[in-house]
Amino acid sequence: MDLATLQQRLSRVAQARVACVGDLMLDRYVYGEVARISPEAPIPVMVRSDEATMLGAAGNVARNAAALGAQAALAGVVGDDAPGHEAARLIEAEPRLEGHLIPETGRCTTVKTRYVAGGQQLLRVDAEDDRQVAGRCEDQLMQAIADAAEGAGAVLLSDYAKGAATPKVIAAAREAARRVGAPMIVDPKGRSFAKYGPVDLVKPNARELSLTVDRPVHTDAETESALAEALASCEAKAILVTRAAQGMSLAVRGQAVRHFRSAPRTVFDVTGAGDTTLAALGVALAAGAALEEAVEFALLAAGVVVGKVGTAVVAPAELVEAEIAAHRAPAGARVATPERAAEEVERWRRAGLKVGFTNGCFDILHRGHVAYLGQARGWCDRLVVAINSDASVRGLKGEGRPINDLESRALVLAGLEGVHLVVPFDAPTPLALIEALRPDVLVKGADYALDEVVGADLVRGWGGEVKLADLVDGYSTTAAIARMGPKA
């Protein structure tokens, strides 16, 4: 997935809604330090310093969907106990997350408590009740799933074998997905995928696929054979197996298996990576992506989350940064998200450096651009160039533009010696970026009057300067396109 496609997909995710159903739990982390061994037994003594609790399992899927910018509806069963009430409060605290929780008297809410010292887990203690929901509670959960699925572009079932994914509940989720015309994706548990029926996609990890076919799935050939056997034994339309450092492999009925490779990444913690993958698949499909594109989106999200510690979520800006990094040559290190740009600018400012800012489409880089940027660089110590996204260029210049896509334009700009950061933006103007970065010098071309420069009043307001750079006569992208002739 290239940068322009990713940004386009992320902009559509904001209008997407997904229903997340199945087993719900709390992930609790108790942090501390270990400095001695207990005199009572040969075990470490941890002095507690902090604690954090977040939604886990189907709850973590919903959190990730919301963090990616979608609206998420979460349907699940909790106990009528303190952890169940805590889960409800955590849902209420998430702005894009709505809860459809069914409290069951006599059931304890599943809580996984991890004790962590020095970045390492010392112990995990689980409190759980894995009895299958039944009777009135099961009926209520089925209705909650129907309510959660209203308006959804995908229905995501998390089966952690904690009792929520009964045959009736699975059937209710399939029916809800059918009724709203949404795909249903299952994160499975157990030795058979047959129990999920004719769902659109089953997403096991390599170990789960291996258990299903009762043989190893280390190589591509082994994986392809296992996927063929698994598809033959169930009604799912497709199976996507996650394979850690080997990426993901997708088997769709009647098609050859496709292997999706991931960029090498530092892995800190795989906790919840499957939840992130499921969420990313769901929001991408709900936003109108084709299945293969959704897999690429999920692969990128999973690669980001394994670089975090604990049960974590992924933000859109992190995906953009990861996509940039995946194709990063030395110059590519200068292409940054607005968030990273703000951090860099703040470091420069603390070092006493004067920060300059300019912006443009920079569609076909020419002599005039080079001269313009060189002049801008002469007015500052560090130069930030904001570049319009492809959609933004089309809005300004019309159909057929840009000639070069965002990633190409950004990398060419970043290769210029005087450019220190290139920051893509999607809005018609860079006003929000100017407000965020607070440059000392704002530069535009001399074809503008000072009172026409976007952000000029802001920059002058905090004591900065506005400069108009000279233009080289006869050089412009429009002129270059005209010289190419009608085919351009």
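- How far CG of Leu413 is from CG of Leu421: 12.0 Å, rounded to the nearest 0.5 Å.
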Evaluate the side chain to side chain donor-acceptor pair (under 3.5 Å) criterion for residues Thr53 and Arg28: first the C-alpha distance (whole Å), next the side-chain angles of each, then the deciding distance (0.1 Å), finally the verdict.
-> CA-CA 4 Å; Thr53 304; Arg28 200 183 308 279; 2.9 Å; yes
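- For NZ of Lys189, the number of neighbouring non-hydrogen atoms (other residues, nucleotides, ligands) closer than 6.0 Å is greater than 12.
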Check step by step if side chain to side chain donor-acceptor pair (under 3.5 Å) holds for Thr242 and Asn205.
-> CA-CA 5 Å; Thr242 58; Asn205 59 33; 5.5 Å; no
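- Using modelled atom types, one finds a donor on one side chain and an acceptor on the other under 3.5 Å when comparing Asn388 with Ser392.
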Take Asp139 and Lys168, measure what salt bridge (Lys or Arg N to Asp or Glu O under 4.0 Å) needs, and give me the verdict at the end.
-> CA-CA 9 Å; Asp139 292 340; Lys168 285 185 177 180; 5.2 Å; no
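- With respect to the salt-bridge test (charged N to carboxylate O, under 4.0 angstrom), the residues Arg178 and Glu175 qualify.
- Heavy-atom minimum distance, Ala336 versus Ala341: CB-N, 4.2 Å.
- Here the side chains of Leu156 and Val21 are not in contact, with every heavy-atom distance at 4.5 Å or above.
- Using modelled atom types, one finds no donor on one side chain facing an acceptor on the other under 3.5 Å when comparing His100 with Gln143.
- In this structure, Arg131 places its CZ atom where more than 12 heavy-atom neighbours from other residues, nucleotides or ligands lie under 6.0 Å away.
- A salt bridge does not link Arg340 to Glu343: none of the charged nitrogens lies less than 4.0 Å from a carboxylate oxygen.
- Counting heavy atoms from C-beta on, the side chains of Val155 and Ile185 never come closer than 4.5 Å.
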Trace of the side-chain contact (heavy atoms from CB on, under 4.5 Å) decision for Arg409 with Val422 | CA-CA 10 Å; Arg409 292 182 288 122; Val422 178; over 6 Å; no
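- Taking a 6.0 Å sphere around CD of Gln255, one finds it holds more than 12 heavy atoms contributed by other residues, nucleotides or ligands.
- The distance from the CZ atom of Phe260 to the CD atom of Glu292 is 5.5 Å, given to the nearest 0.5 Å.
- Residue Glu229 qualifies as enclosed at atom CD: its count of foreign heavy atoms under 6.0 Å is above 12.
- A 4.5 Å side-chain heavy-atom check between Arg243 and Arg261 finds at least one atom pair inside the cut-off.
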Can you list the steps and then say if Asp126 with Arg124 is a salt bridge (Lys or Arg N to Asp or Glu O under 4.0 Å)?
-> CA-CA 7 Å; Asp126 292 358; Arg124 193 180 95 181; 2.7 Å; yes
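- When all heavy atoms of Leu396 and Cys361 are compared, the pair lying nearest together is CD1-SG, 4.3 Å.
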Check the pair Leu211 / Arg207 against side-chain contact (heavy atoms from CB on, under 4.5 Å), numbers first and verdict last.
-> CA-CA 6 Å; Leu211 287 172; Arg207 180 177 176 276; 3.8 Å; yes
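- Atom OG1 of residue Thr166 and atom CD1 of residue Ile170 lie 6.5 Å apart, to the nearest 0.5 angstrom.
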Stepwise side-chain contact (heavy atoms from CB on, under 4.5 Å) test for Leu26 and Glu86 = CA-CA 9 Å; Leu26 291 182; Glu86 187 175 6; 3.8 Å; yes
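- Within the 4.5 Å cutoff, the side chain of Thr110 has no heavy atoms near those of the Asp129 side chain.
- Scanning both residues, Ser158 and Ala58, for their nearest heavy atoms gives OG-CA, 3.7 Å.
- When Lys112, Arg63, Arg114 are each tested for a salt bridge (charged side-chain N to carboxylate O under 4.0 Å, His left out) with Asp27, only one passes: Arg114.
- A donor-acceptor pair under 3.5 Å is formed between the side chain of Thr223 and the backbone N or O of Thr219.
- The shortest heavy-atom contact between Ala152 and Val180 is O-CG2, 3.8 Å.
- In this structure, OG1 in Thr276 is found 3.5 Å from CG in Asn64, a value given to the nearest 0.5 Å.
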Is there a side chain to side chain donor-acceptor pair (under 3.5 Å) between Asp187 and Tyr160 once you walk through the steps?
-> CA-CA 8 Å; Asp187 197 341; Tyr160 273 74; 5.2 Å; no
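- Here the shortest heavy-atom pairing between Cys20 and Ala62 reads SG-CA, 3.6 Å.
- Without hydrogens or angle criteria, Glu94 side chain to Ile91 main chain gives no donor-acceptor distance under 3.5 Å.
- With a 4.5 Å cut-off on side-chain heavy atoms, Leu74 and Glu98 do not count as touching.
- The heavy-atom pair separating Gly153 from Pro183 by the smallest distance is O-CD, 3.2 Å.
- Between the side chain of Arg394 and the backbone N or O of Ser389, no donor-acceptor pair lies under 3.5 Å.
- Using a distance-only test at 3.5 Å, with no hydrogens or angles considered, no donor-acceptor pair links the side chain of Glu150 to the main chain of Asp147.
- Looking only at distances, a side-chain donor or acceptor of Arg96 sits under 3.5 Å from a matching main-chain atom of Ala66.
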